[in-house]
Peer 1: 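Structure in structure tokens, see below.
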There are 2 protein chains.
Amino acid sequence: MLDQKPADGTIGKALQVLDLVADFKRPVRFAELQEKSDFPKATLYRLVQSLTNQGMLTHDPDRMTYAPGVRLLRLAHAAWQQSSLARIAGRHLDKLAADVDETVHLAQLDNAQVLYIDKRVPKQPVEMYSQAGKVGPAYCTGVGKVMLAYQREAVLPQMIAQQSFHRFTDFTLTDETALRKELKAIRDRGYGFDREEHEPGIICIALPILSRGGRLYGALSVTSTTQRTDLTKLEKLVPQIRETAMKISDEAEAWRFPDPHGGE
Amino acid sequence: MLDQKPADGTIGKALQVLDLVADFKRPVRFAELQEKSDFPKATLYRLVQSLTNQGMLTHDPDRMTYAPGVRLLRLAHAAWQQSSLARIAGRHLDKLAADVDETVHLAQLDNAQVLYIDKRVPKQPVEMYSQAGKVGPAYCTGVGKVMLAYQREAVLPQMIAQQSFHRFTDFTLTDETALRKELKAIRDRGYGFDREEHEPGIICIALPILSRGGRLYGALSVTSTTQRTDLTKLEKLVPQIRETAMKISDEAEAWRFPDPHGGE
DNA sequence: ACGCAAGTTCCATTATTTGGAACAATGTTT
DNA sequence: AAACATTGTTCCAAATAATGGAACTTGCGT
């Protein structure tokens with residue numbers, strides 16, 4: 001799927017293995033890993049062992065399977081609390097979802113893919129990790145296209161190169177030319193749509209979350225269905241969404257300047 | 001605090017750095033890391049660089065700070081979906097919390113510490129990563145002691161050695177002898193208490209989640225306050241909690257045997 | 001302009017990783 | 001029950017990557 005990494009050093013290799021295990025959606029046996037990986041047996045074995053010792057993988061001795069380890073949860077907790085927008089954005093998402101009465105997504109870009117950081121479904125309790133951490137394609141989702149649109153030109157080519165351009169629906173943009181044109185339109189307009197490009201019947205409107213300096217923090221979207229609404233109606237929500245995005249951005253900005261007298 | 005790791009290989013060192021960054025609750029500068037770490041400057045620098053390249057850390061060029069990276073969320077998502085009990089346990093926790101109308105915790109052991117996997121507070125929506133991934137001491141919490149009690153004797157000594165035995169309250173067990181005695185009592189009884197050992201006024205009852213074969217999956221607890229209830233009343237909940245634990249265990253067991261005809 | 005501190009790069013030395021092949025343990029077929 | 005097949009684990013000399021002291025660069029305050 002996606003594995004043309006320069007893989008700098010041992011760390012890169014180890015993380016490659018970690019990803020490999022994570023990509024199986026179930027506990028996986030050593031032989032299965034070996035099959036999917038280019039590493040020679042002994043090397044892979046030692047990588048897996050190291051990761052297991054470190055708690056990044058858990059090993060089930062009975063079934064002889066490996067799975068992502070609990071240590072990742074602890075680290076993700078830390079990531080959640082600071083690096084990502086999530087902590088700051090939480091209450092804003094609550095409000096936005098309640099105001100517009102539609103599903104709201106918060107996403108960031110991770111290695112040319114969309115990584116969903118948070119989600120709100122109106123009148124429905126959130127499930128914890130079941131949504132956050134999910135990944136999706138960038139070229140055919142609202143948040144994905146918006147984030148690509150606000151990427152620096154220098155890094156865009158390699159990001160576009162990583163898109164699969166798989167045709168999910170009749171509306172999916174399936175080549176670079178179409179995507180480039182769409183990104184241009186998004187930049188001009190300041191927001192983007194998903195016109196049933198990923199799933200039939202699912203449409204959305206998405207805005208970037210930008211810093212004062214123009215740096216991209218992430219993206220925000222309101223998703224609905226063609227049965228409930230249409231793009232024209234969604235477009236009317238732009239001011240509300242933009243205001244939410246700006247509030248999140250402002251708080252993120254403030255958060256990154258720690259108290260100058262910050263002791264412990 | 002806690003850093004006497006054998007640190008096997010480069011992977012261990014890299015993860016040590018990752019932990020270090022995570023332990024700061026805010027974006028951190030290189031010099032701060034250097035101060036807290038034993039690594040020579042150049043070495044630390046390259047470790048941080050590798051981690052950043054790999055997306056395990058994010059680097060803010062403006063502020064010159066590092067923070068845990070978004071890639072961790074993706075990995076944690078995977079961990080959540082399979083390795084941990086959380087996915088399976090979710091609905092059982094819902095039910096238990098509603099039935100007993102008290103706070104319910106689900107925890108696993110991570111490197112001699114308690115790692116909270118999930119939490120339910122009755123009549124209150126859950127927040128996503130804000131709770132899951134949190135860590136706590138093992139020697140003075142209900143879930144922690146229970147999980148220590150069902151640990152194999154061979155690994156216990158080093159786990160106990162890693163406990164700080166800090167006196168949080170008048171009831172905290174502050175030495176190995178007292179803890180050993182308590183663990184014995186828990187094994188005999190099949191469940192454990194927290195008698196305001198970690199926080200004044202907070203009590204809980206905890207049960208292990210064991211496989212048929214006696215392997216420890218994690219622990220389940222019902223927490224309350226001395227104002228609302230007492231240990232005797234909590235003890236009456238044991239059958240309900242045990243039933244929940246068994247259901248979770250059974251499903252976990254079943255889940256680990258993938259469909260024999262498992263194609264994809 | 002100067003000094004100071006934080007971040008970054010260099011490179012010979014050192015330690016770790018590598019991977020082919022042998023070995024052990026487990027399960028399956030004849 | 002014996003031979004076989006499969007999967008997981010260990011060995012060790014060769015190859016590679018990590019190391020860290022010191023030098024270099026950059027940005028800031030005086």
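Note that the structure is a prediction, hence the values are computed from the model and not measured. Chain letters run A, B, ... following the sequence lines, proteins first and then strands; every chain starts at 1. Below, all heavy atoms of this structure are taken into account, side chains as well, without hydrogens, waters or symmetry copies.
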Peer 1: Pick the closest DNA chain C nucleotide for B:F30 and for A:P40 by heavy atoms, then say which residue is nearer the 5' end.
Peer 2: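 Between the two, 5'-proximity favours B:F30.
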Peer 1: I'd like to know if A:K184 and A:E153 make a salt bridge, using a cut-off of under 4.0 Å between side-chain N and carboxylate O.
Peer 2: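 Between A:E153 and A:K184 there is no salt bridge, as every charged N stays at least 4.0 Å from the carboxylate O atoms.
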Peer 1: Atom NE2 of A:H59 to atom P of D:dT7: distance rounded to whole Å?
Peer 2: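 In whole Å, D:dT7 P lies 15 Å from A:H59 NE2.
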Peer 1: Could you tell me the separation between the CG atom of A:D38 and the P atom of C:dG20, rounded to a whole number of Å?
Peer 2: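 Rounded to whole Å, this separation is 13 Å.
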Peer 1: Round to the nearest Å and state the distance from B:I11 atom CD1 to C:dT18 atom P.
Peer 2: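 Atom CD1 in B:I11 sits about 8 Å away from atom P in C:dT18.
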Peer 1: To the nearest 0.5 Å, what is the distance between CG on A:L72 and CG on A:L51?
Peer 2: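 Between atom CG of A:L72 and atom CG of A:L51 there are 9.5 Å.
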Peer 1: Figure out the CZ/C1' separation between A:R46 and C:dT16, and round it to whole Å.
Peer 2: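 Going from CZ in A:R46 over to C1' in C:dT16 covers 9 Å.
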Peer 1: For the pair made of CG in A:L44 and P in D:dT9, what is the distance, rounded to whole Å?
Peer 2: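 Atom-to-atom, A:L44 to D:dT9, this comes out as 11 Å.
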Peer 1: Counting side-chain heavy atoms from CB outward, which of C:dT9, D:dT19, D:dC11 is closest to A:A42?
Peer 2: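 Closest nucleotide to the A:A42 side chain: D:dC11.
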Peer 1: Compare side-chain N and O positions of B:T10 against OP1 and OP2 of C:dT17 and report whether any pair is under 4.0 Å apart.
Peer 2: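 Checking C:dT17 against B:T10, a side-chain N or O does come within under 4.0 Å of OP1 or OP2.
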Peer 1: Rounded to the Å, how far apart are B:E32 CD and C:dA6 P?
Peer 2: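 Nearest whole value for this atom pair: 10 Å.
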Peer 1: Look at the side chain of B:Y66 and decide which nucleotide, out of C:dG19, C:dT8, C:dT9, has an atom nearest to it.
Peer 2: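 Nucleotide nearest to B:Y66's side chain: C:dT8.
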Peer 1: Here's a test of your reading of the structure: between A:M64 and A:K41, which maps to the more 5' nucleotide of DNA chain C?
Peer 2: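 Here A:K41 is the residue nearer the 5' end.
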Peer 1: Rounded to whole Å, how long is the line connecting atom CG of B:L33 with atom P of C:dT8?
Peer 2: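 Atom CG in B:L33 sits about 12 Å away from atom P in C:dT8.
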Peer 1: Base, sugar-phosphate, or nothing: which does B:R29 touch, judged by heavy atoms less than 4.0 Å apart?
Peer 2: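 Sugar-phosphate: the residue B:R29, judged by heavy atoms under 4.0 Å, touches backbone atoms but no base.
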Peer 1: Nearest 0.5 Å please: distance from the CE atom of A:M246 over to the NE2 atom of A:H92.
Peer 2: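 The distance works out to 12.0 Å.
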Peer 1: Please, which pairs that meet side-chain hydrogen bond (donor to acceptor under 3.5 Å, both in side chains) have at least one residue in residues 42-51 of chain B, sequence neighbours excluded?
Peer 2: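 Matches after skipping sequence neighbours: B:Y45-B:Q49.
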Peer 1: Test your reading of the model: is there a side-chain donor-acceptor pair from B:S249 to the backbone of B:I209, 3.5 Å cut-off?
Peer 2: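 Not a single qualifying donor-acceptor pair exists.
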Peer 1: Measure from the side chain of A:A31, starting at C-beta and using heavy atoms only, and say which of C:dT17, D:dT7, D:dG20 lies closest.
Peer 2: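 Between C:dT17, D:dT7, D:dG20, the one nearest the side chain of A:A31 would be D:dT7.
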Peer 1: Calculate the interatomic distance between A:L47 atom CG and C:dT17 atom C1'; express it in whole Å.
Peer 2: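 Value for this atom pair: 9 Å.
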Peer 1: Do any side-chain nitrogens or oxygens of B:Y45 fall under 4.0 Å of OP1 or OP2 in C:dT9?
Peer 2: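 Yes, within the criterion.
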